[in-house]
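A quick write-up on the structure given underneath.
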Amino acid sequence: MLTAASAATGLILPTGMAFAQAAPAASPPARGGNAGHYRFRVGDISATVLSDGLIGGPPRVYASDAPEAELQEVLRLAFLPTDRLTLNLNTLLIETNGRRILLEAGAGQTMGPQGGRVFQNLAAIGLRPEDIDVVVVSHTHPDHVGNLRTADGGKAFPRAAVFAPRADWDFFVRNDPDLSYMPVPEDFRRSFAAAIKRSVEPVTNGIELYEAGAEIVPGLTTLPALGHTPGMANFLVQSGNDQLLLTADLAYHPIVNVDRPWVPGPDRDKDTALASRRRIFDMAAADRLLVLGFHYPFPGLGRMLKTDAGYAWVPVGWQF
């Protein structure tokens, strides 16, 4: 395990993917940048996608079983670089029954310097970290828990109750996890594990552990989506007849994991993850659900279309 001092310097893969151990409480506001927040409604629930920025890595990491020539061609046809796949970090703020609930904390800078934007995007809609009542994470990978800790080791959301899946907490936090399944160098795995433990330190004493399937608050239910991690959950937000499904890391990018059936390399149990992906994507397609993909191009909203070959991702039109 890395020491805090050595891990804080970050580890960089040849493609430029990096880990840094502590996330800042805020990132400098971008000058002349684009909006990093997107508002919409789910029935009576006010919802806002808040970007935490970007991460990324070699496309092969996210499409582990893709034939190389086909993977390169798919990326070229989508006008994407063939040596690096950029992923968004789409956290969601919902406001219901007088409470502000953040779904996924985001990465901070645990996975590179382009994360940690959620705080400036909260400020852009007139809110502070102190205004968040609840934070719920789908699983405990660094890009979902990194923002729980400030750079000085404090609670980034000082008033919030934090919920995490019990099976993930047992695997990643209470033990030294075996990450040999991850298709990355060993030093990257060590940094990954260290980043998880360091990120959740400020909330360990008061953590609320849940089993996938539990209702967190009225209108917010967790769905079992196991395989990517031992306890990963998806989220279903419901108000009246309106529903929104958050699919966490069932898929990283629609180009390689929805429109193509390629398997994400970071899935711990790939067969179970595949079964979860098919079950939940089938549900989303059959019920015509609005879907939010955590890593999809911002704002990450669209629908799943069932096709003869599998599925297709259909982004929703931008609402002004």
Side-chain angles (χ1 to χ4, degrees), residues 1-12 17-28 36 50-55 89-93 100-123 127-166 168-177 179 188-210 229 231-232 248-249 294:
M1 190 64 63
L2 296 182
T3 65
S6 63
T9 61
L11 293 174
I12 301 176
M17 186 190 293
F19 278 88
Q21 279 291 80
S27 299
L50 297 168
S51 175
D52 192 48
L54 304 170
I55 59 171
L89 300 164
N90 300 319
T91 72
L92 183 74
L93 175 69
R100 295 187 178 99
I101 302 163
L102 185 66
L103 302 179
E104 312 288 23
Q109 294 188 343
T110 60
M111 295 186 70
Q114 291 184 289
R117 309 292 180 88
V118 73
F119 300 100
Q120 72 187 54
N121 286 316
L122 271 174
L127 297 176
R128 304 167 301 159
E130 293 84 353
D131 296 321
I132 303 301
D133 299 298
V134 177
V135 178
V136 191
V137 300
S138 64
H139 62 294
T140 60
H141 278 178
D143 50 325
H144 296 255
V145 300
N147 277 326
L148 292 175
R149 178 191 178 104
T150 63
D152 62 4
K155 292 177 64 174
F157 302 97
R159 291 184 50 256
V162 178
F163 289 76
R166 183 181 301 277
D168 267 35
W169 197 264
D170 289 343
F171 182 77
F172 289 104
V173 181
R174 288 180 171 152
N175 295 290
D176 290 326
L179 302 182
F188 193 83
R189 295 174 192 158
R190 290 196 301 269
S191 180
F192 190 93
I196 294 170
K197 292 181 186 292
R198 186 172 174 84
S199 296
V200 302
E201 277 179 357
V203 303
T204 297
N205 288 338
I207 193 72
E208 299 276 357
L209 300 178
Y210 68 85
T229 66
M232 191 177 82
D249 285 8
F294 181 71

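What you see is a predicted model, and the numbers here were worked out from it, not measured in a lab. Values reported hereafter were calculated over all heavy atoms of this structure, with side chains retained and with hydrogens, waters and symmetry mates removed.
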For the atom pair CD1 (I101) and CG (L93), what is the distance rounded to the nearest 0.5 Å? 8.5 Å

Does any N or O in the side chain of E104 come within less than 3.5 Å of the main-chain N or O of S138, such that one atom is a donor and the other an acceptor? yes

Looking only at atom types and distance, does a side-chain atom of S199 sit under 3.5 Å from a main-chain N or O of L148, one as donor and one as acceptor? no

At what distance, to the nearest 0.5 angstrom, does CZ of R198 lie from OG of S191? 11.0 Å

When every non-hydrogen atom of L89 is compared with those of A107, the smallest separation belongs to CD1-CB, 3.8 Å

Report yes if some heavy atom in the side chain of T204 is under 4.5 Å from a heavy atom in the side chain of I207; otherwise report no. no

Not counting sequence neighbours, which residues clear side-chain hydrogen bond (donor to acceptor under 3.5 Å, both in side chains) with E201? List them please. R149

In Å, rounded to the nearest 0.5 Å, how long is the span from CG of L54 to CE of M111? 12.0 Å

Walk me through it: do L103 and F294 pass the test side-chain contact (heavy atoms from CB on, under 4.5 Å)? CA-CA 10 Å; L103 302 179; F294 181 71; over 6 Å; no

For P202 and G153, the nearest pair of non-hydrogen atoms, with its separation, is CG-O, 3.6 Å

Separation of L102 CG from I132 CD1 (nearest 0.5 Å): 5.5 Å

Do you know which of D249, T91, T110 makes side-chain hydrogen bond (donor to acceptor under 3.5 Å, both in side chains) with H144? D249

Between D52 and G116 (side chain of the first, backbone of the second, donor and acceptor by atom type, cut-off under 3.5 Å), is there such a pair? yes

R159 versus D133: any side-chain heavy-atom pair under 4.5 Å? yes

Using a 4.5 Å cut-off on heavy atoms from C-beta on, say whether the side chain of F157 contacts that of V162. no

Any idea which heavy atoms bring N147 and A105 closest together, and the distance? ND2-O, 2.9 Å

Who are the side chain to side chain contact (heavy atoms under 4.5 Å, CB included) partners of T229, not counting sequence neighbours? H139, H141, D168, F172, M232

Across all chains, not counting sequence neighbours, the side chain to side chain contact (heavy atoms under 4.5 Å, CB included) partners of R166 are D170, L209, E211

Look up atom CG in L127 and atom CZ in F119, then write down how far apart they are to the nearest 0.5 Å. 13.0 Å

Nearest-0.5 Å distance that lies between atom CD1 in I196 and atom OG1 in T140: 5.0 Å

